[in-house]
Structures are given as structure tokens and as C-alpha cells.
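Encoded as C-alpha cells, the structure appears first; notes follow it.
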Amino acid sequence: MDIPWFLKPELLLHAEMLDEQEMLRREAGNSYARDHEQDLQIKALQQRVAELEQQLLALEVLLAEKGILPPVPQEPESKPPADPSVPIVFAERTDEQIACPRCGKQQPGNRNDCYFCGALFRYEKE
């Protein structure tokens, strides 16, 4: 005796797989929406932090002008980038940390070039 077509197990499994597939599709859409919403919230928070930092700096300047806080240090004037082919001259090599005059990164004072910006170093006592 043959089982009717609507009771065959492979057809029931197929229907269950279609239901599972639809459920996964909905969950993926919900996950994307949650991720997108979190990205928007993060951007809004980053913008708010930047605004608050600007307000804090303005308040510090105002309080420094009134003499309540010490003067706010001025940012150093940025120098135009020097010619990278011209080496930077140091008095002598040292094992101590030095700052690259071009980019400001700290590194050992015995290098031939800056590990960050590639500026050439030359030493007078060599």
C-alpha cells in the first residue's frame, strides 16, 4: 500500500525547511536593521562628543582669561613639510629616545631614518 503524496515525509521536511528559511530571512533583516540603527546612534554620539569637547575647550579658554585656570597652551604652528630628501642632522647617535623633528614620533636616537615618516637622519660625529 502506497502512502498518499501529502503524507510523504520528504514533502513535510521540505515545508519545514521553507518555514525555517523564511524565519532566518526575517531574522537577518531584523539584524541588519538593528546594526544600521546602532551605526546611526554611534555617529550621533560621536558628533555629540565632538560638540562637548569644543564647548569644554571654549570654557577652559574663558576660565583662563578670567584667571581661574592657568593659561591654555597654544598649539604649535604647523610647519610645512620639509624636503624629504634633505637629511635631519643630529649631533651624535644615542640610545635614548628622540623625537623626529619632522613628524614628532619618539624612537631610538641611533636610527638612520624615522620609522614613521622616513626622514633621513645624519649625525655630525661619524
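Side chains are part of it too, since the values below use all heavy atoms of this structure and drop only hydrogens, waters and symmetry mates. All figures in this text were calculated on a predicted structure; none of them were measured in a lab.
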Report task. Just jot down the side chain to side chain donor-acceptor pair (under 3.5 Å) partners of Asn112, sequence neighbours excluded, or say none. Result -> Arg93
Query - Ile68 with Leu59, same ILVMFWY side-chain cluster at under 4.5 Å - result: yes
**Report entry** Joint hydrophobic cluster, Tyr123 plus Ile88, side-chain heavy atoms closer than 4.5 Å
**Finding:**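 Both belong to a single hydrophobic cluster.
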Who passes salt bridge (Lys or Arg N to Asp or Glu O under 4.0 Å) against [X], sequence neighbours left out?
X      : answer
Glu92  : none
Arg25  : Glu22
Arg111 : Asp113

Measuring from atom [atom1] of [X] to atom [atom2] of [Y], what distance do you get when rounded to the nearest 0.5 angstrom?
X      : Y      : atom1 : atom2 : value
Gln107 : Phe116 : CD    : CZ    : 10.5 Å
Leu24  : Asp19  : CG    : CG    : 11.0 Å
Ile98  : Cys114 : CD1   : SG    : 8.5 Å
Phe90  : Arg122 : CZ    : CZ    : 11.5 Å
Leu69  : Leu62  : CG    : CG    : 9.5 Å

Query - Counterpart residues, ring pair (Phe, Tyr, Trp, His ring centres under 6.0 Å), relative to Tyr115 (two or more places apart) - result: none
Requested in this report: Measure the shortest side-chain to side-chain distance between Cys117 and Lys105 over non-hydrogen atoms and say whether it is less than 4.5 angstrom.
Outcome: no
Query - Check: Asn110 and Thr94 side chains under 4.5 Å, non-hydrogen atoms - result: no
Report task. Kindly give the heavy-atom pair with the smallest separation between Arg102 and Val86, and that separation in Å. Result ->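 In terms of heavy atoms, the two residues are closest at NH2-O, 3.4 Å.
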Query - Nearest heavy atoms of Ala99 and Gln106, plus distance in Å - result: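 Heavy-atom minimum between the residues: CB-NE2, 3.4 Å.
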Which donor-acceptor pairs under 3.5 Å do the side chains of residues 46-55 make with protein atoms, sequence neighbours left out?
| from | atom 1 | to | atom 2 | distance (Å) |
| --- | --- | --- | --- | --- |
| Arg48 | NH1 | Glu51 | OE1 | 3.4 |

